[in-house]
Amino acid sequence: MTHRVFDPRDDADTRAAEVLLHDESTTVIDTTAEQALSLGALLPTPVAGPDEPVRWVHYPWRRSLVRVLGPVGFRRLRLDRNRDKLTLDEQARALDVRIGVVGLSVGHAVAHTLALEGLCGELRLADFDELDLSNLNRVPATVFDLGVNKSVVAARRIAEVDPYLTVRTFPTGVDEAVIDDFLDGLDLVVEECDSVAAKFLVREHARRRGIPVIMETSDGGVLDVERFDLDGARPFFHGLLGDLDLAGLASLSADDRARLAPRILGAESITPRMAASLPHIGTSLSTWPQLAGDVALGGASVAAAVRAFVRGEAPPSGRLRVGLDAAVAHLEDPLTTGGDSPAATR
């Protein structure tokens, strides 16, 4: 069940909107007068397109009809506070960027942040799993979303931020049957899935197509960029697993596959608390621990990498650790570090 944007220039859309407007079970929200005032108050004063009527948007999962500015004015107003960290030219360039996100736990935070910043014109979201109550410690959803496919949950949240952003869902996840459709025409792939086989599958096909892959591991804030667009022979995971590929992975035993994840992350990147937890997974711990703050940081880290691509400052292949727990433990006091102190600048 997706949302629908009604175009008032289309007779069928107009009739459908009228039906909903007269349906007592539909909540109607119209703040377009205030939106128009806010748009007109921007600096410099924007010029809306000549063919820019306001539109009704139907959100069936909320039984609501919301009226918003047309797409040009809506985007200009919604993203105005991005300037000039993202200039108008860079915002326009982002509309041509198509990004796929595989795995919608950490991936939910990633996709939502990309949508908030307006860093793409199309998102493709893939996850086979349904939202469980145990996911609500880190996935920014609600109890109203329980039992709904995770890609659909993320798509709904994004549609409520920007009804004009194109979002495609792949509720079966990615496998050999859909991987080509998922990747076709993408500029970037963000891989956040738990399955090692899926990680290899995404990279195998992305490398073949020359699509960069970004991955963020929430434990310790490890950000990876793999520029398969620059090097079509680059080994997966920066060569940390040698030349292992999808065919080689298939020949490994279940135990050998389980040992790959720590090798991918690197012993030096695993936080002490995660390292202490690993022996207890499956006994006193159901699965590996994750925190909402770490997942939110992952969304911010991936957005920073995508932002660089949009600005024409794409990063090279490599790895960065953004460990806030470690950073907080080493705060510097401006009173004792010299010229950067607030007192010194008064």
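Along the sequence shown, the residues carry numbers beginning at 1.
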Requested in this report: Would you please name every residue forming a salt bridge (charged side-chain N to carboxylate O under 4.0 Å, His left out) with Arg203, sequence neighbours left out?
Outcome: Glu191, Glu226
Requested in this report: State yes or no: do Leu125 and Leu165 share one hydrophobic cluster built from I, L, V, M, F, W and Y residues joined by side-chain heavy-atom distances below 4.5 Å, directly or via other members?
Outcome: yes
Query raised in the report: Taking Thr271 for the side chain and Gly220 for the main chain, is one N or O donor matched with an acceptor at less than 3.5 Å?
Result: no
Report task. With rounding to the nearest 0.5 Å, note down the distance linking CG in Leu252 to CZ in Arg259. Result -> 10.0 Å
Report task. Please name all residues satisfying side chain to side chain donor-acceptor pair (under 3.5 Å) with Arg4, sequence neighbours left out, ordered by chain then number. Result -> Asp13
Query raised in the report: Got a donor-acceptor contact below 3.5 angstrom from the Glu52 side chain to the Val72 backbone?
Result: yes
Query raised in the report: For residues 17-39, which residue pairs qualify under salt bridge (Lys or Arg N to Asp or Glu O under 4.0 Å), counting only residues two or more places apart or in two chains?
Result: Asp30-Arg67
Requested in this report: List, by chain and number, the other hydrophobic cluster members for Val28, where Ile, Leu, Val, Met, Phe, Trp and Tyr join if side-chain heavy atoms come within less than 4.5 Å, directly or indirectly.
Outcome: Phe6, Leu20, Leu21, Trp56, Leu65
Report task. Please answer whether the main-chain N or O of Asn135 pairs with a side-chain N or O of Asp132 as donor and acceptor at a distance below 3.5 Å. Result -> no
Query raised in the report: Does a salt bridge link Arg93 with Asp89, judged by any charged N lying under 4.0 Å from a carboxylate O?
Result: no
Query raised in the report: Between Trp61 and Tyr59, what is the ring plane arrangement, given parallel below 30°, perpendicular above 60°, and tilted in between?
Result: perpendicular
Report task. Report yes or no: do Ser151 and Asn149 form a side-chain donor-acceptor pair below 3.5 Å? Result -> yes
Without placing hydrogens or testing angles, list every side-chain donor-acceptor pair under 3.5 Å for residues 95-104, not counting sequence neighbours.
{"from": "Arg98", "atom 1": "NE", "to": "Gly185", "atom 2": "O", "distance (Å)": "3.0"}
{"from": "Arg98", "atom 1": "NH2", "to": "Gly185", "atom 2": "O", "distance (Å)": "3.1"}

Report summary line: For Val328, the other hydrophobic cluster members (4.5 Å side-chain criterion, sorted by chain and number) are none
Query raised in the report: Tell me the salt bridge (Lys or Arg N to Asp or Glu O under 4.0 Å) pairs involving residues 166-179, sequence neighbours left out?
Result: Arg168-Asp181
Query raised in the report: Can any side-chain N or O of Arg75 pair as donor or acceptor with the backbone N or O of Gln91 at less than 3.5 Å?
Result: yes
Query raised in the report: Would you say the side-chain atoms of Arg124 pair up with the backbone N or O of Phe182, donor to acceptor, closer than 3.5 Å?
Result: yes
Query raised in the report: Considering residues at least two apart in sequence or located in another chain, which fulfil the salt bridge (charged side-chain N to carboxylate O under 4.0 Å, His left out) criterion with Arg319?
Result: Asp224
Query raised in the report: Do the side chains of Phe228 and Ile179 join up, straight or via other hydrophobic residues, at under 4.5 Å, putting them in one cluster?
Result: yes
Report summary line: d(Asp80 CG, Ser38 OG) to nearest 0.5 Å is 10.0 Å
Report summary line: Across all chains, not counting sequence neighbours, the salt bridge (charged side-chain N to carboxylate O under 4.0 Å, His left out) partners of Glu160 are Arg62
Query raised in the report: Are any side-chain N or O atoms of Thr283 and backbone N or O atoms of His280, one a donor and one an acceptor, separated by less than 3.5 Å?
Result: yes
**Report entry** Common cluster, Val213/Val222, ILVMFWY with side-chain heavy-atom separation under 4.5 Å
**Finding:** no
Query raised in the report: At their closest point, which heavy atom of Ala141 faces which heavy atom of Leu131, and how far apart are they?
Result: CB-CD2, 3.6 Å
What side-chain donor-acceptor pairs closer than 3.5 Å can you find for residues 284-293, not counting sequence neighbours?
{"from": "Gln290", "atom 1": "OE1", "to": "Arg138", "atom 2": "NE", "distance (Å)": "2.9"}
{"from": "Gln290", "atom 1": "NE2", "to": "Ser218", "atom 2": "OG", "distance (Å)": "3.3"}

**Report entry** Pairs where residues 285-299 contributes a residue and the test salt bridge (Lys or Arg N to Asp or Glu O under 4.0 Å) is met, not counting sequence neighbours
**Finding:** none
Report summary line: Rounded to the nearest 0.5 angstrom, the CG-CD1 distance for Leu241 and Ile264 is 5.0 Å
Query raised in the report: Short question: side chain of Thr169, backbone of Pro171 - any donor-acceptor pair under 3.5 Å?
Result: no
Report task. Using the test side-chain contact (heavy atoms from CB on, under 4.5 Å), find all partners of Ile211 that sit at least two apart in sequence or belong to another chain. Result -> Leu183, Leu186, Val189, Ala206, Arg209
Report task. Tell me whether Leu249 is reachable from Val202 by hopping between hydrophobic residues (I, L, V, M, F, W, Y) whose side-chain heavy atoms are closer than 4.5 Å. Result -> yes
